[in-house]
Every structure is written in C-alpha cells, then in structure tokens.
Q: 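Have a look at this one before I ask anything.
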Number of protein chains: 2
Amino acid sequence: MPLVKTNKEEIVKTALTVFRKNGYYNTAMSDLAEACGLQKGSFYHYFPSKELIMAEVLISVQSYLKEKVFPIAYDESLQGKARLEKFLLKMGKAILQQDGGCIIGNTTLETSGQKVVFKPILKEIFEEWKSSLKHILALQYPDGTAGRMADQMVMEFEGAVMMSQLYDTDQILKDVFVRSLSKMR
Amino acid sequence: MPLVKTNKEEIVKTALTVFRKNGYYNTAMSDLAEACGLQKGSFYHYFPSKELIMAEVLISVQSYLKEKVFPIAYDESLQGKARLEKFLLKMGKAILQQDGGCIIGNTTLETSGQKVVFKPILKEIFEEWKSSLKHILALQYPDGTAGRMADQMVMEFEGAVMMSQLYDTDQILKDVFVRSLSKMR
DNA sequence: GTCTATATCAAGATAGAC
DNA sequence: GTCTATCTTGATATAGAC
C-alpha cells in the first residue's frame with residue numbers, strides 16, 4: 001500500500017477487490033481508503049462518493065472485458081471448443097479472482113432494487129457476456145438454441161459462484177466449467 | 001400495520017419481506033420497525049439485534065420449507081413430472097414472492113463472507129433443497145445424474161432470479177421453470 | 001496529494017416513563 | 001407492549017493545514 005502518491009487507476013483496482021469481498025453496502029469509505037493506504041479524507045481527493053467509485057469500478061470491469069475477454073469469442077483462429085475454453089477461463093479470472101465471488105453478480109443482487117445508477121452498466125455487461133457466448137455456441141448450434149444455452153451458462157455460472165462462496169470451495173465452479181465446455185465438440 | 005400489540009411471528013414475517021427487498025446490510029432496524037408499525041425502540045422488545053432477527057427469519061423460512069415444500073418431493077401419490085411441477089411452484093412461492101429476489105440466495109451472496117452465523121442454516125436449506133430435487137429426478141435418472149441435475153437446477157434458478165431482478169421481468173424465471181420441468185416425462 | 005480535524009447524520013442499541 | 005429520549009458508534013463527507 002503506497003504511503004505517498006497513488007492514482008485513480010490504482011484505487012479503482014483496489015476498490016474492486018474490496019467491493020467484491022465485502023459487497024457494496026458493507027464496504028465503508030474507510031475500508032477503501034485503508035486498502036489503498038490512504039486516510040479517509042485523502043480518499044475524497046479522488047472520488048467524491050461511494051456511488052461514484054463503484055460506478056467507476058463497474059466501468060473498469062466492463063472495459064477490461066470488452067478489451068480482453070469478449071473479443072476471444074470472435075477469434076476465428078480458434079476452434080469452437082478451444083475458443084470457449086479460453087473465453088471461460090479468462091472470464092473467470094477477470095470477474096472472480098481468488099475469493100469474494102463475482103463483482104457483477106454480487107452488485108446486481110445487492111443493489112439492483114435500490115441503486116438504479118448501476119443497472120444500465122450491469123445489464124450491458126451481462127448482455128455482451130451472453131452474446132459473446134452465443135456467438136461461440138452458434139458455431140455448432142442453431143441460433144435460438146445457442147441463445148438459450150448462452151443464457152443458461154451465465155445463470156449457471158452465477159449460481160455456481162453463489163454455491164462456491166457458501167461451501168468455501170471452487171470445485172462447484174470447476175464442475176460447471178467442465179459441463180459448459182462439454183457443450184462444444 | 002398494527003399500532004398496538006404485535007408478536008414475534010408477525011414481525012418475522014414482515015422482516016422477511018423487508019430483508020428480501022433491501023438486503024441485509026441495507027436494511028436498518030428502523031426500516032424493520034416501521035414496516036411493523038412500531039417505533040425503533042419498541043422493536044428491541046422483540047429482538048435484541050439485527051443479526052438475531054435475520055437468523056430467525058432464515059429459520060422461519062427453513063421451517064416452512066421443511067413443512068410445506070420439501071415433503072412434496074416425497075409425495076408418492078404424484079407422478080414424477082407432476083411432483084416436480086408442484087415442488088417448483090411451491091418453492092418459488094415460498095422463497096420469492098412478488099419482488100425482491102430470493103431471500104436465501106441474496107443472503108448467501110451478501111453475508112457469507114462476513115456473517116458466519118448464517119452459513120450453517122443457508123447450507124442446510126440448499127442441501128435439503130438439492131436432495132429433494134434429486135429424489136424426484138432419481139425416479140427417472142441414475143443416482144449420479146440426478147444429483148448433478150439437481151445441483152444444476154438450483155444454480156440455474158438462482159442465476160435466473162438474478163437476471164429477473166436486473167431486467168425487472170419474471171419471464172426468465174418462467175423459462176427456467178419450463179426448462180426444469182421438461183427434464184421429467 | 002496527503003494529512004488531521006471536524007461537521008453531520010444515520011444506525012444499532014439502551015433506559016425509563018406510561 | 002409501546003413510547004420518547006438518549007447514548008454510542010460508525011459512516012459519509014468537508015475544511016483547511018502541511
């Protein structure tokens with residue numbers, strides 16, 4: 001944790017891990033500040049409110065996915081199964097990391113009833129996620145089927161994250177990974 | 001909302017709906033009190049802490065499921081498909097109700113990293129849920145397959161609840177209901 | 001850019017009157 | 001059993017010195 005001079009980018013990265021672990025409402029500005037090696041007051045130099053930093057966190061996740069993960073689905077140098085495998089692996093890494101569940105899923109469940117501000121971005125992420133998956137599956141299945149399978153994969157993934165948190169194991173997530181992968185030959 | 005004389009049971013029922021809608025951390029004791037038509041101070045006459053009332057809420061949900069829903073899975077007067085249909089319908093009603101998502105899933109994601117107290121009961125509910133489903137599916141599938149399918153159904157259900165909240169529609173949930181039901185002939 | 005100090009407010013929780 | 005009043009703590013946010 002830097003004692004002198006940090007920047008917005010670093011803070012967003014750190015905030016992501018804290019929000020993922022504690023959730024939105026259970027994360028205090030002091031938690032974020034501490035994780036960044038800053039005093040509470042200093043934190044406000046970078047972000048004027050908790051809502052705004054969470055918004056930036058979500059946007060940064062989306063940017064990363066758009067840049068590094070979703071394009072995998074359209075990489076024609078990879079065969080269907082290999083493409084799906086790479087996609088799922090990268091997606092898991094991007095969205096989960098060690099412990100604390102899925103930042104996107106967690107934030108959806110926790111805030112979608114209250115914080116309307118987050119909904120558009122969360123929706124977009126899920127939409128792009130599903131359409132990327134659908135694109136891969138469409139290599140092998142008819143359009144309607146591929147769409148349904150993609151939706152199902154995302155839902156099962158989020159359900160698996162929930163179970164993984166409850167049982168403190170990632171075996172469930174690995175099983176879902178294998179099952180999803182088995183859909184492509 | 002009663003201005004005079006309520007009781008623990010009523011309060012637990014009301015608290016369930018408030019927690020389901022707002023989540024654990026985003027629900028204040030004053031919210032619970034207000035929903036019960038009580039002053040904050042009066043609320044403490046019934047429950048000494050937020051943690052304890054949530055615990056009672058979860059226990060009440062479990063009791064209800066144990067009494068009214070899980071037994072359906074073992075009702076031999078019903079054929080497989082009819083049994084599954086009744087089970088899924090009752091389960092949805094018990095755990096979801098109008099808006100606010102799934103109290104079990106929400107609480108799992110929101111608190112499982114912090115409030116270890118809730119984990120045992122949440123685990124038990126999921127375990128019994130899955131084994132009830134497995135029992136129905138085992139009428140038609142081999143044991144291992146039935147178990148995996150049951151896990152999958154629960155995960156997909158929770159994923160569908162998440163999507164339903166985000167998109168403000170229960171169509172997704174209905175689709176999952178149909179897909180789950182189609183597993184039995 | 002970071003700090004300390006502080007204002008403000010809401011939340012969890014308690015005390016005691018009725 | 002319910003109320004009002006209050007305590008205490010913790011959280012968001014701001015101000016101003018360094």
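In what follows, chains carry the letters A, B, and so on, assigned in the order in which the sequence lines appear, proteins first and then strands, with residues in each chain numbered from 1.
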Q: D:dT2 P sits how many Å from B:Glu10 CD, rounded?
A: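 It is 12 Å, rounded to the nearest whole Å.
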Q: In whole Å, what is the span from the CE atom of B:Met29 to the P atom of C:dA13?
A: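 B:Met29 atom CE is separated from C:dA13 atom P by 6 Å.
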Q: Answer yes if the side chains of B:Glu34 and B:Gln39 hold a donor-acceptor pair under 3.5 Å, and no otherwise.
A: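 On atom types as modelled, these side chains do not qualify, holding no pair under 3.5 Å.
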Q: To the nearest Å, how far apart are B:Phe47 CZ and D:dG1 C1'?
A: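 From B:Phe47 CZ to D:dG1 C1': 14 Å.
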Q: Looking at B:Ser42, I'd like to know whether one of its side-chain N or O atoms comes within less than 4.0 Å of OP1 or OP2 on D:dC3.
A: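 Answer is yes, contact under 4.0 Å.
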Q: Is there a side-chain contact between A:Met54 and A:Lys115 (heavy atoms, below 4.5 Å)?
A: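 No, too far: nothing below the 4.5 Å cut-off.
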Q: Nearest 0.5 Å, please: how far is CD1 in A:Ile11 from CG in A:Leu32?
A: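 One gets 9.5 Å once the value is rounded to the nearest 0.5 Å.
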Q: Report yes if a side-chain nitrogen or oxygen of B:Tyr44 is closer than 4.0 Å to either non-bridging phosphate oxygen (OP1 or OP2) of C:dA15; otherwise report no.
A: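 The answer is no; no side-chain N or O of B:Tyr44 sits under 4.0 Å from OP1 or OP2.
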Q: Rounded to the Å, how far apart are B:Tyr25 OH and D:dA11 C1'?
A: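 Atom OH in B:Tyr25 sits about 15 Å away from atom C1' in D:dA11.
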Q: May I have the distance from B:Tyr24 (atom OH) to C:dA11 (atom C1'), rounded to whole angstrom?
A: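 Taking atom C1' of C:dA11 as the reference, OH of B:Tyr24 is at 12 Å.
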Q: Answer with yes or no after comparing the ring centroid distance for B:Phe118 and B:Tyr24 against a 6.0 Å cut-off, counting only values under it.
A: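 Centroid separation for B:Phe118 and B:Tyr24: below 6.0 Å.
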Q: Less than 4.0 angstrom between a side-chain N/O of A:His45 and OP1 or OP2 of C:dT2, yes or no?
A: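 No, because none of the side-chain N or O atoms of A:His45 sits under 4.0 Å from OP1 or OP2 of C:dT2.
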Q: With a 4.0 Å heavy-atom cut-off, tell me which residues in residues 49-59 of chain A come close to DNA chain D, sorted by residue number.
A: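 Residues of residues 49-59 of chain A under 4.0 Å from DNA chain D: A:Ser49, A:Lys50.
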Q: Measuring centre to centre across the rings, with the benzene-like ring taken for any Trp, is B:Phe157 within less than 6.0 Å of B:Trp129?
A: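 Yes, ring centres under 6.0 Å apart.
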Q: Measure from OH on B:Tyr46 to C1' on D:dC3 and round the result to the nearest Å.
A: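 Those two atoms, OH and C1', are 12 Å apart.
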Q: B:Tyr167 pairs by side chain to side chain donor-acceptor pair (under 3.5 Å) with which of A:Glu127, A:Lys123, A:Lys119?
A: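 Per the side chain to side chain donor-acceptor pair (under 3.5 Å) rule, the option paired with B:Tyr167 is A:Glu127, out of A:Glu127, A:Lys123, A:Lys119.
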Q: Give the nucleotide from the list C:dT4, D:dG1, D:dT12 with an atom nearest to the side chain of A:Gln39.
A: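 The listed nucleotide nearest to A:Gln39's side chain is C:dT4.
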Q: Taking NZ, NE, NH1 and NH2 as the nitrogens, is one of them in A:Lys134 or A:Asp143 under 4.0 Å from a carboxylate oxygen of the other?
A: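 Looking at A:Asp143 together with A:Lys134, the answer is yes, because their closest N to O distance falls below 4.0 Å.
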Q: Ignoring the backbone of A:Leu38, work out which of C:dA13, C:dT2, D:dT2 is nearest its side chain.
A: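 The answer is C:dT2, which lies nearest to the side chain.
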Q: Mind calculating the distance between CG (A:Leu32) and C1' (D:dA11) to the nearest angstrom?
A: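 Computing the A:Leu32:CG to D:dA11:C1' distance gives 12 Å.
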Q: Can you list, in residue-number order, the parts of residues 106-115 of chain B that come under 4.0 Å of DNA chain C, counting heavy atoms only?
A: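 Nucleic-acid contacts, sorted: none.
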Q: Can you tell me which nucleotide in D:dC3, C:dC3, D:dA11 comes closest to the side chain of A:Ala28?
A: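 Of D:dC3, C:dC3, D:dA11, D:dA11 is nearest to the side chain of A:Ala28.
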Q: Rounded to whole angstroms, how far apart are NZ on A:Lys40 and C1' on D:dG10?
A: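 About 8 Å, once rounded to whole Å.
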Q: Between the main-chain N or O of A:Ala15 and the side-chain N or O of A:Arg20, is there a donor-acceptor pair closer than 3.5 Å?
A: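 No, A:Arg20 side chain to A:Ala15 backbone: no donor-acceptor pair under 3.5 Å.
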Q: Walk me through whether B:Lys8 and B:Glu56 qualify under salt bridge (Lys or Arg N to Asp or Glu O under 4.0 Å).
A: CA-CA 10 Å; B:Lys8 277 187 112 173; B:Glu56 283 233 21; 3.3 Å; yes
